[in-house]
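Structure incoming, see below.
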Amino acid sequence: MEMKDTLNLPITDFPMKASLTQREPEMLAHWEKEELYKKIRQSAKGKPKFVFHDGPPYANGHIHMGHALNKLLKDFIVKIMSMKGFDSGFIPGWDCHGLPIEHQVGKKLKEKKLSLEKSEIRKQCRIYAQEFVDIQKEEFKRLGVLADWENPYLTMNYSYEATIVREFGKFVENGLVYKGLKPVHWCTSCQTALAEAEVEHADHTSPSIYVKFPVQSGIPQAMAGLSSLYMVIWTTTPWTLPANLAICLHPEFNYVAVSHGDDTYIVAEELLPSLVTEWELRDYKVLGSCKGAEWENAVCRHPFIDRESKVILGEHVTLEQGTGCVHTAPGHGQDDYIVGLKYGLEPYNPVNNAGVFVPEVEHFGGMFVRKANPEIIEKLRQDGFLILAVDIKHSYPHCWRCHQPIIFRATNQWFISMDKKDLRKNALAGIDRTKWIPEWGRERIYSMVENRPDWCVSRQRAWGVPITLFTCNACGEFVNSSELFQRIAEGVEQHGADFWFDTEDLLPQGTVCQCGGKEFSKESDILDVWFDSGVSHAAVIESNPELHWPTDLYLEGSDQHRGWFHSSLLESIGTRGKEPYKAVLTHGYVVDGKGKKMSKSAGNVIAPEKIIDQYGAEILRLWVASENYREDIRISNEILKRLTESYRKIRNTLRYLLGNLHDFDYSEDHVPVEDMLELDRYILYRFNVLRDKILTAYEKYEFHVFYHSFSNFCVVELSAFYLDILKDRLYTYPVKSHGRRSGQTALHILMMGMVRLMAPVLSFTSEEVWACLPRKSVDEESVHLSQFPEPTNVSFDDALVTKWEFLVDLKREVSKALEISRREKVIGHSLDASVKLELPEKYQSLVESDELKYIFIVSEVELVDDVGTEGNVYESDSLAGVKVFSKMHSGKKCERCWNYFAPDTQAGKANGEICLRCEGHLQATGA
RNA sequence: GGGCCUGUAGCUCAGUUGGUUAGAGCGUCCGCCUGAUAAGCGGGAGGUCGCAGGUUCAAAUCCUGCCAGGCCCA
């Protein structure tokens with residue numbers, strides 16, 4: 001083994017085993033102690049700004065994969081911008097108000113059998129939200145996300161709440177806010193109106209009933225003379241019948257009169273066959289037919305209430321189910337409400353907050369609506385107005401929190417009008433001024449804004465920011481005073497939202513309404529939480545003189561086209577006439593290995609915590625970078641296993657670079673690029689190509705391009721090609737020889753470049769590498785304080801590129817040839833081989849015969865005109881005309897460099913066990 | 001039911017304006033090495049490009065339908 005001692009083998013303390021789960025927390029503690037984030041911010045002072053705005057996750061529950069994906073993408077971007085020379089920070093935020101938290105707190109209180117004042121509930125909610133802010137904060141930090149964790153924005157901070165009050169005040173002043181009676185999704189259990197986002201659809205069993213409405217007058221000409229006429233309606237919500245005010249027909253459909261026994265039913269012609277089957281009609285006769293339009297202004301009688309039901313026309317009537325005659329209760333349905341407006345029908349709603357009929361309702365007053373269903377059916381049956389009642393299972397809206405079926409119910413709500421002041425039109429223009437990544441995001445949000453109804457911003461709940469309005473008891477108008485809003489906002493800034501609820505005499509004494517009214521009531525509703533987060537651009541960005549408004553980038557999951565992107569847009573356009581962001585990036589959802597969504601019931605949920613405990617956050621980071629997040633992205637144990645292996649390869653490559661730089665001091669030992677060996681210049685040229693590719697990918701936020709190209713570079717260009725070839729020089733040449741120093745210079749440049757290119761993604765490992773670098777080589781204490789590498793000025797012209805690309809291809813062909821000999825047990829190691837190479841003339845100018853053996857890592861290469869046909873001859877497919885003959889070298893294996901040599905001419909003069917080359921090297925070293 | 005999106009080897013990704021036997025890395029299998037060693041190197045096998053039609057001299061690439069999946073709605 002004495003020859004081994006004369007070699008320059010790699011030496012490094014950088015461990016092969018990553019031990020991420022142990023090392024990461026240590027590094028995080030180090031970063032925190034050194035206040036790394038602060039230092040990055042300080043070092044960026046004066047640079048051009050890139051303003052990113054973090055969307056606030058809801059402060060409830062632990063983080064899941066979606067959160068991890070989202071925050072890591074943001075972390076990549078902020079780090080990238082910072083290393084590109086921008087002043088770019090990360091102010092994290094949380095969404096704290098709203099029903100889900102109030103609900104959780106409510107449950108806790110219920111368990112303790114406590115019922116509290118609203119102000120106490122708010123206090124409890126605040127504590128609850130803060131708890132989860134703290135929990136999630138630690139979970140996000142653990143991912144290696146560098147952000148201003150000390151100073152996050154919380155929508156429940158007093159100053160933030162004050163901003164909400166002020167922003168809402170702007171809408172009021174601008175005349176976009178109105179109070180209206182409108183059917184909204186209503187949860188009778190939570191006793192609140194629900195936003196569309198708060199409604200989920202699930203299967204539900206409902207009665208499906210057909211009800212006869214006697215026609216009283218206005219029978220069309222075509223039906224004249226027919227008696228006992230009944231319009232037949234279909235509904236799955238019998239409880240809405242007490243609120244029936246009309247029956248709606250499609251003007252273009254044909255309606256037939258069908259006699260059955262003593263009755264004659266009016267139904268849509270196209271639906272008759274299916275109805276005949278469903279109702280099991282045996283003897284029936286079609287007596288007449290006419291367009292729905294001819295029925296307009298006819299009048300029916302309500303089957304059990306002393307009231308008329310008008311026949312009206314509407315385009316929303318379909319032939320998919322029912323009878324084509326649509327039971328219309330304008331207080332209980334969106335379509336009903338809209339068509340009712342046309343015909344001057346009031347949005348009549350006889351159901352209270354708890355879903356109970358008001359006492360005035362005949363027969364059913366005081367009854368809960370779903371309890372009333374069977375009673376109403378029974379009443380109809382007894383009175384002979386029921387044709388059929390069965391149960392059906394169908395998709396029905398449910399409350400997203402309590403999962404109870406909800407109802408549609410007209411209530412007094414506060415709205416922001418989409419059209420009164422052109423909010424919709426202006427928002428659409430704003431969408432067109434924004435860059436959507438991917439581009440289809442534009443389509444998506446555009447059609448949502450185009451079609452959405454007015455924004456219902458009121459909630460009948462406790463945990464939120466109040467709608468700070470006073471309404472005149474006499475006329476119902478609200479007091480619109482900017483000074484008043486200002487005063488309230490100041491109070492909220494000091495004391496929080498409770499200021500509104502708890503302070504008496506907010507209204508200046510002697511306030512008189514325009515109508516003369518002197519009595520006012522204080523609004524007790526709170527604002528939709530989407531309004532809260534929608535003002536973040538004002539509370540967090542605009543108010544901060546260090547940042548610029550509008551923001552450069554928002555980045556959230558694709559669900560936020562309806563959520564935060566949407567509410568932020570409307571809020572900003574409504575108050576400032578301008579969109580709050582320049583670009584919006586969306587990512588897909590995390591799904592399981594088969595592409596199915598994760599759910600508790602499917603049992604396929606993978607928690608970030610588990611991955612961190614098992615593999616380390618670095619693997620999670622690499623996972624985010626490896627997948628194309630613009631689509632749904634998969635995660636599974638197999639994927640993580642593959643990534644871990646890939647990570648190991650990257651890590652080992654870096655470790656090898658470090659190991660071979662242990663005796664290299666760049667300032668003293670480096671070889672000027674122009675003096676470096678051609679192979680070394682070639683790899684630097686290749687690294688320049690890689691660098692460009694990665695920086696371009698970062699520019700476009702295409703992180704998977706980084707992962708693939710970086711990993712490929714490590715595997716293909718470095719490990720299998722360059723480093724393998726370089727070993728001979730690094731190990732056997734004299735320490736300070738030009739050949740070795742030339743290679744080390746290349747390794748040093750690669751090392752310094754790679755560690756910085758990977759830092760935004762592999763933030764832990766790059767820092768670990770950084771710490772191992774000679775202090776002389778690095779100016780910054782952390783890789784995250786450094787900038788991306790400049791390209792190396794290596795002149796490598798097209799001819800050289802062609803040559804080296806050919807040599808790479810040729811090496812692969814030689815390897816195939818060697819494999820034949822190896823398979824036949826002629827050789828083992830490639831250095832055992834002696835190779836004869838036949839090249840077509842066009843390739844001959846590309847090769848220099850004495851360097852080939854080192855590139856192929858064989859002991860001898862002879863260029864010949866004809867390799868002949870004897871022995872192991874390999875003919876290349878990909879390089880036409882290239883033939884390789886390989887055999888066991890007939891000489892002696894050098895004990896030192898393992899190359900074979902001819903004993904008579906190439907042996908060392910003093911020691912015949914080593915070759916002449918090694919002898920020279922040993923002498924030069926003085927050994 | 002509607003809007004938007006996705007579907008290329010076991011896994012993650014490439015595939016330029018439609019144009020030669022669809023590429024890469026990992027994994028797998030086989031082998032080598034023992035001077036990156038719980039490492040390193042080489043080679044082989046793997047895809048009717050979700051399915052079915054259509055346009056075209058030519059389709060993974062364009063069109064239609066269907067199937068599967070995701071987000072958002074009804």
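Computed from heavy atoms alone, side chains included, the values below leave out hydrogens, waters and symmetry copies. Proteins come first, then strands; the chains are lettered A, B, ... in the order of their sequence lines, and each starts at number 1.
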Student check: side-chain heavy atoms of A:F253 and A:V317 closer than 4.5 Å: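 In short, these two side chains touch, coming nearer than 4.5 Å.
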
Sugar-phosphate, base or nothing in reach of A:V705, heavy atoms under 4.0 Å: nothing

Touch class at under 4.0 angstrom, heavy-atom based, for A:G595 against every strand present: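 Sugar-phosphate contact only - A:G595 comes under 4.0 Å of backbone atoms but never of a base.
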
Closest to the A:M448 side chain, choosing from B:G43, B:C72, B:C71: B:C72

A:N652, nearest nucleotide to its side chain (from B:C41, B:G25, B:A36): B:A36

Partner nucleotide of B:A9 by Watson-Crick or wobble geometry (both distances under 3.5 Å): none

Length of the line joining A:I11:CD1 and B:A39:C1', which is rounded to integer Å: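 Answer to the nearest Å: 17 Å.
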
Nucleotide nearest A:K893 when distance is taken to its side chain, options B:U37, B:U34, B:C13: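 Minimum distance to the A:K893 side chain belongs to B:U34.
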
Pairwise C1' distance, B:G47 and B:A14 [rounded to whole Å]: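 The same atom, C1', in both gives a distance of 15 Å.
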
Sugar-phosphate only, base, or nothing, as touched by A:I639 at under 4.0 Å among non-hydrogen atoms: sugar-phosphate

Sugar-phosphate, base or nothing in reach of A:H829, heavy atoms under 4.0 Å: sugar-phosphate

Aromatic ring pairing A:Y554/A:W564, orientation class (parallel under 30°, perpendicular over 60°, tilted between): parallel

Listed nucleotide nearest any side-chain atom of A:S815, set B:G42, B:C13, B:A74: B:G42

Presence of donor-acceptor pair under 3.5 Å, side chain of A:E645 and base of B:G27: no

Sugar-phosphate only, base, or nothing, as touched by A:K825 at under 4.0 Å among non-hydrogen atoms: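 Sugar-phosphate: the residue A:K825, judged by heavy atoms under 4.0 Å, touches backbone atoms but no base.
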
Touch class at under 4.0 angstrom, heavy-atom based, for A:G828 against every strand present: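 Sugar-phosphate, backbone atoms only, no base.
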
Where the chi angle of B:G46 falls, syn if within 90° of 0 and anti if not: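 The base of B:G46 is oriented syn (glycosidic angle within 90° of 0).
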
ring centroid sep under 5.5 Å plus plane angle under 30, A:W898 with B:G35: yes

For atom CD of A:E819 and atom P of B:C41, their distance in whole Å: 14 Å

Salt bridge present between A:E450 and A:R424 (N-O < 4.0 angstrom): no

Candidate nucleotides B:G44, B:A14, B:C72, ranked by approach to the side chain of A:D559 - the nearest: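 Minimum distance to the A:D559 side chain belongs to B:C72.
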
B:A39 OP1/OP2 closer than 4.0 Å to side-chain N/O of A:K649: no

N/O donor-acceptor pair under 3.5 Å between A:D832 side chain and A:I827 backbone: no

Watson-Crick or G-U wobble mate for B:C41, both contacts under 3.5 Å: B:G31

Near-ring test A:H561/A:H566, centroid separation under 6.0 angstrom: no

Touch class at under 4.0 angstrom, heavy-atom based, for A:S636 against every strand present: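 Result for A:S636 = nothing.
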
Rounded distance (Å) that lies between atom P of B:C26 and atom OH of A:Y647: 18 Å

A:V715 side chain, from C-beta outward: closest of B:G25, B:C13, B:C71: B:G25

Per A:K727 side chain, nearest of listed nucleotides B:G3, B:G44, B:G40: B:G40

Between B:U37 (P) and A:R655 (CZ): distance, integer Å: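 Rounded to whole Å, this separation is 5 Å.
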
Touch class at under 4.0 angstrom, heavy-atom based, for A:E895 against every strand present: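 Contact class for A:E895: base.
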
Donor/acceptor link under 3.5 angstrom from A:R562 side chain onto base of B:C71: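 Answer no: no donor N or O sits under 3.5 Å from an acceptor.
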
Nearest-angstrom distance, C1' atom, B:G46 to B:G10: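 These two C1' atoms come out 9 Å apart once rounded.
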
Gap between atoms CZ and C1', on A:R822 and B:C32 respectively (whole Å): 5 Å

B:C71 - base-pair partner by Watson-Crick or wobble geometry, distances under 3.5 Å: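 With both distances under 3.5 Å, B:C71 matches B:G3.
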
Spacing of the P atoms in B:U6 and B:G15 (rounded, Å): 14 Å

Closest nucleotide among B:G3, B:G40, B:U12 to the A:R444 side chain: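 Shortest atom-to-atom distance from the side chain points to B:G3.
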
Atom pair distance, as rounded to whole Å: CZ in A:R823 and C1' in B:C29: 10 Å

Ion pair A:K816/A:E813, N-O distance below 4.0 Å: yes

Span that lies between the C1' atom of B:G7 and that of B:C49, in whole angstrom: 10 Å

P gap between B:G1 and B:C51, integer Å: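 My reading of the P atoms in B:G1 and B:C51 gives 24 Å.
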
Whole angstrom value for the distance that separates P of B:C4 from CD of A:Q560: 20 Å

Sugar-phosphate only, base, or nothing, as touched by A:R896 at under 4.0 Å among non-hydrogen atoms: base

Among B:C26, B:A36, B:C71, the one nearest A:R642 by side-chain distance: B:C26

Separation between the P atoms of B:G3 and B:G44, rounded to whole Å: 49 Å

Counterpart base for B:U17, defined by Watson-Crick or G-U wobble contacts under 3.5 Å: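 B:U17 is unpaired by these criteria.
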
First of A:T653 and A:D724 reached from the 5' end of RNA chain B, by closest nucleotide: A:T653

Pairwise side-chain contact, A:M3 with A:T732, heavy-atom cut-off 4.5 Å (strictly under):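 They are not in side-chain contact.
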
Whole-angstrom distance between B:U64 and B:U55, as gauged at atom P: 15 Å

Touch class at under 4.0 angstrom, heavy-atom based, for A:S646 against every strand present: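 The residue A:S646 makes no contact with any strand.
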
Salt bridge A:K649-A:E645, side-chain N to carboxylate O under 4.0 Å: no

Nearest-nucleotide pick for A:S711, side chain only, options being B:G25, B:G40, B:C13: B:G25

Presence of salt bridge, A:D13 and A:R655, under 4.0 angstrom: no

Distance, nearest 0.5 Å, that separates CG of A:L428 from CG of A:L569: 8.5 Å

Between P of B:U8 and NE2 of A:H704, the distance in whole Å: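 Computing the A:H704:NE2 to B:U8:P distance gives 14 Å.
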
Presence of A:K597 side-chain N/O under 4.0 Å of B:G70 phosphate oxygens OP1/OP2: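 Checking A:K597 against B:G70: no side-chain N or O falls below 4.0 Å of OP1 or OP2.
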
P gap between B:U20 and B:U16, integer Å: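 Comparing P positions in B:U20 and B:U16 gives a spacing of 12 Å.
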
5'-most by nearest nucleotide on RNA chain B - A:R812 or A:Y707: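 Here A:Y707 is the residue nearer the 5' end.
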
